[in-house]
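Inspection log for the structure reproduced underneath, given as structure tokens.
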2 protein chains.
Amino acid sequence: MTAAMVAAHAETNVSSVSLVVNGKHRGRVSEQLAARIRDAVDELGYVVDHSASALARGHGDLVILLAPDLSNPFFAEVIAGVQDTLGDRYQLMLSVTERGEQPCVDSLRRFNGLRPAGVLVDAPDETFAAVPAAEHPVVLFDAPDSAADLNALNYDYAPAIRSLAALLAERGHRTVAYLDGSTRSATFALRRAMLAEAVTSHGLHLLDDDVRADVTVSGASAATRANLARWREGGATAVIAAADTLAYGVLAEAHRAGVRIPEDLAVASFDDLPSSAVTAPALTSIALPGAALGRAAAERLVAMLDERPLPTPTPLETVLVRRASL
Amino acid sequence: MTAAMVAAHAETNVSSVSLVVNGKHRGRVSEQLAARIRDAVDELGYVVDHSASALARGHGDLVILLAPDLSNPFFAEVIAGVQDTLGDRYQLMLSVTERGEQPCVDSLRRFNGLRPAGVLVDAPDETFAAVPAAEHPVVLFDAPDSAADLNALNYDYAPAIRSLAALLAERGHRTVAYLDGSTRSATFALRRAMLAEAVTSHGLHLLDDDVRADVTVSGASAATRANLARWREGGATAVIAAADTLAYGVLAEAHRAGVRIPEDLAVASFDDLPSSAVTAPALTSIALPGAALGRAAAERLVAMLDERPLPTPTPLETVLVRRASL
DNA sequence: CTGAAAGCGCTTACAG
DNA sequence: CTGAAAGCGCTTACAG
């Protein structure tokens with residue numbers, strides 16, 4: 001089914017068909033012809049060929065979102081936020097990295113061949129320190145490393161992390177263990193560094209081992225199994241995890257080991273996933289509004305596509321949600 | 001950066017460039033010229049334009065996966081399975097439906113314009129009763145309605161559901177409530193119908209109200225809040241949820257209402273997500289191997305693309321994982 | 001083994 | 001307001 005067939009059916013030519021299906025026919029095609037064309041389109045079920053259109057125009061209506069693997073439910077939120085904002089002017093397509101990898105600059109180049117209208121990159125790796133020139137706008141998010149680049153949207157962890165450090169101090173903790181994610185993303189590095197600083201300023205200290213786990217419940221369980229005794233021997237009475245999913249593994253393993261939470265070991269983490277309200281015990285967590293992040297990034301991209309002026313991006317607020325685990 | 005520029009750089013023509021970058025040059029281009037072309041490609045960072053290539057060939061190397069919204073972590077598993085299987089011969093791109101919707105046939109048509117190599121559809125809605133003719137192979141999964149179509153991969157719920165019914169009977173339950181997902185997908189309808197039948201054959205009965213919730217923790221919490229008292233007045237001593245995420249909401253709300261689990265109300269569901277091992281109490285759930293489903297579907301698609309003979313698809317096994325909640 | 005040329009289906013100046 | 005034509009960047013018969 002091609003524009004030529006539609007043209008034949010409507011007894012006209014492909015130029016007029018193209019103008020009408022793209023809504024660019026005002027003052028160029030008579031209302032009568034336009035109606036005839038629309039009828040033919042409906043009747044034949046014609047859909048514009050994206051490849052041909054993108055080739056002719058230079059780009060299509062695709063917005064590509066590069067995201068790390070989706071096992072962390074946090075990303076579902078982000079994606080929903082992006083989707084909501086893009087609406088149907090643009091077609092959102094996701095590309096997901098291999099398990100445990102972060103989007104890298106090379107993948108960006110690979111997608112240039114698709115001639116997207118724009119690209120969003122969630123939690124890019126360090127190769128994005130400088131964003132490569134592309135024919136389309138690129139918006140990064142959860143990309144604290146690329147601070148110099150105006151097209152990055154990030155969280156403002158400071159207030160929530162301060163609250164968490166204060167809460168730890170208030171509860172009498174002195175030594176705190178940290179369970180990091182094994183993906184070496186900038187956002188994880190920042191969480192850890194900021195927490196270490198905040199905790200230190202309250203006179204506590206973060207165990208400086210470098211315990212990491214896949215951001216999955218089972219990965220975190222294994223890491224906890226291997227480190228729990230050592231953490232406690234080192235004096236840790238609390239463990240902070242870089243993501244809720246990691247904290248779930250800590251909870252499971254502590255339970256198995258007969259370690260009571262929060263009495264023997266307090267636990268807190270980052271994300272505040274919906275299921276964190278129903279773990280045993282309910283999890284204290286720094287809420288990261290994923291959908292808001294996705295929306296903000298998508299709005300920024302759309303503004304660039306519309307060539308509207310761009311405000312400096314505002315970091316998104318985070319808050320500590322206190323529950324029973326700490 | 002175009003093939004013409006590469007050709008100029010390597011002092012040859014676009015035909016040879018095309019043959020070499022596509023690995024079709026054996027016996028057509030001298031090894032010497034091929035090496036010169038490869039050097040030029042590397043030097044200039046040339047990437048084949050997907051739109052132009054797809055237009056010329058008739059299709060590209062894109063595999064499109066249509067999936068329902070990703071808030072259920074189950075889908076992350078499925079996607080990882082697909083990704084692992086496709087490798088880098090094909091480029092996986094996801095398209096996600098709006099919140100709470102299922103992929104429909106119309107979206108399939110829309111993606112024809114991208115000229116994909118093939119399409120996978122996860123949990124399609126009822127418009128897929130007959131798969132429309134497409135220029136590319138289509139494989140459905142989690143699509144029990146399309147039984148007649150050979151290209152659908154499904155779970156065999158029977159053994160696990162029988163175990164669940166037997167366990168309910170063994171524990172002395174007589175009346176069981178059901179919390180369904182609000183998405184009217186065939187796979188949810190089947191779960192309910194099969195459970196009703198299995199339970200009846202053990203002399204129990206399923207409350208025949210039609211309680212549904214968004215497949216999110218908060219949606220399920222709200223639905224439980226509205227129905228918990230009624231369920232218990234109706235004699236229900238157990239509630240089965242169509243997905244773990246729904247069960248999490250039941251747990252949370254029961255806890256809030258002072259209903260003990262499993263003493264006052266037993267709970268079980270479908271999915272067996274990793275986090276179901278760490279809820280309070282740990283959740284009894286029918287394990288649906290998401291990654292295996294994704295792999296099987298992707299393998300089938302690749303077989304079609306390679307024009308290899310297709311075996312009749314075997315439904316994937318499911319087992320009941322018993323934990324404290326029932 | 002090498003290269004000029006047609007054609008994929010569209011969009012968009014351009015001429016009528 | 002309508003239509004013929006060039007061109008987007010590639011692939012692939014085809015001729016040399």
Side-chain angles (χ1 to χ4, degrees), chain A residues 1-38 40-41 44-62 109-117 135-136, chain B residues 1-37 40-41 44-62 91 109-117 135-136:
Chain A
M1 189 48 46
T2 68
M5 300 164 89
V6 174
H9 198 87
E11 295 177 314
T12 178
N13 56 71
V14 290
S15 318
S16 305
V17 171
S18 176
L19 290 172
V20 170
V21 291
N22 290 306
K24 297 183 179 172
H25 59 290
R26 271 150 313 176
R28 321 260 285 99
V29 176
S30 69
E31 203 29 69
Q32 195 186 340
L33 213 207
R36 227 161 61 225
I37 289 173
R38 273 188 287 259
V41 166
L44 302 176
Y46 171 69
V47 179
V48 176
D49 184 289
H50 181 274
S51 299
S53 172
L55 182 58
R57 267 194 224 270
H59 67 88
D61 65 348
L62 237 47
R109 233 191 29 198
R110 212 153 93 234
F111 289 110
N112 284 342
L114 278 173
R115 298 176 172 266
E135 290 93 281
H136 48 258
Chain B
M1 189 48 46
T2 69
M5 301 165 88
V6 174
H9 198 86
E11 296 177 314
T12 178
N13 55 72
V14 291
S15 317
S16 304
V17 171
S18 176
L19 290 172
V20 170
V21 292
N22 290 305
K24 297 184 180 172
H25 59 291
R26 272 150 312 176
R28 321 260 285 97
V29 176
S30 70
E31 202 30 69
Q32 197 186 341
L33 213 206
R36 227 159 64 223
I37 289 173
V41 165
L44 303 176
Y46 170 68
V47 180
V48 176
D49 185 288
H50 182 274
S51 299
S53 172
L55 182 58
R57 267 193 225 271
H59 67 89
D61 65 348
L62 238 47
Q91 180 77 18
R109 233 192 27 198
R110 211 152 97 237
F111 288 110
N112 283 343
L114 278 174
R115 298 175 170 267
E135 289 94 282
H136 48 259

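In this text, all values refer to a predicted model and were calculated from it rather than measured experimentally. The chains referred to below are lettered A, B, ... by the order of the sequence lines, with proteins before strands, and numbering in each begins at 1.
Side-chain proximity of V48(B) to dC10(C), dC10(D), dG3(D): nearest is dC10(D). Among the nucleotides dG9(D), dT11(C), dC14(C), the one closest to any side-chain atom of A52(B) is dG9(D). Checked against dT11(D), dT12(C), dA5(C), the side chain of S15(B) finds its nearest nucleotide in dA5(C). Nearest to the side chain of A3(B), among dC10(D), dT2(D), dC8(C), sits dC10(D). If you check dG9(D), dT12(C), dT12(D) against the side chain of K24(B), the one that comes closest is dT12(D).
Nearest approach of A40(A) to H9(A), heavy atoms of both residues: CB-CD2, 3.7 Å. Annotation for N13(A) and A7(A): closest pair C-CB, 3.5 Å, computed over non-hydrogen atoms. Minimum heavy-atom separation, L44(A) to M5(A): CD1-O, 4.0 Å. Closest of all the heavy-atom pairs between S51(A) and R115(B) is OG-CD, 3.6 Å. Closest approach of I37(A) to V6(A), counting heavy atoms only: O-CG1, 4.3 Å.
A sub-4.0 Å separation between OP1 or OP2 of dC10(C) and a side-chain N or O of S53(A) is absent. Contact annotation: T2(A) side-chain N/O to dC8(C) OP1/OP2 distance is not under 4.0 Å. At the phosphate of dT2(C), OP1 or OP2 sits under 4.0 Å from a side-chain N or O atom of S30(B).
Here the P atom of nucleotide dT12(C) and the CZ atom of R26(A) are 14 Å apart, to the nearest Å. In this structure, R36(A) places its CZ atom 14 Å from P of dC1(D), rounding to the nearest Å. L55(A) places its CG atom 9 Å from the C1' atom of dC8(C), with the value rounded to the nearest Å. Nucleotide dG3(C) holds its P atom 10 Å from the CD atom of E11(B), rounded to whole Å. The interatomic distance linking D49(A) (CG) with dT11(C) (P) rounds to 9 Å, in whole Å. Nucleotide dG9(D) holds its P atom 10 Å from the CD atom of E135(A), rounded to whole Å. What separates CG of N13(B) from P of dG16(D) is a distance of 16 Å, to the nearest Å. dT11(C) atom C1' lies 11 Å from atom NE2 of H59(A), rounded to whole Å.
The residue R28(B) sits close to a base: some heavy atom pair falls under 4.0 Å. If you check every strand for non-hydrogen atoms under 4.0 Å, T12(B) touches sugar and phosphate atoms only.
Interatomic distance, L114(A) CG to L114(B) CG, rounded to the nearest 0.5 Å: 8.0 Å.
Sequence order on DNA chain C of the closest nucleotides to L33(B) and R115(B) puts L33(B) first from the 5' end.
Base-pairing analysis of DNA chain C finds the following stems of at least three consecutive Watson-Crick or G-U pairs, with both pairing distances under 3.5 Å: C:1-3 with D:14-16, C:5-12 with D:5-12, C:14-16 with D:1-3.
Using a 4.5 Å heavy-atom threshold, the side chains of V21(A) and Y46(A) count as touching.
Counting only distance, with no hydrogens or angles, the side chain of R36(B) and the backbone of A10(B) share a donor-acceptor pair below 3.5 Å.
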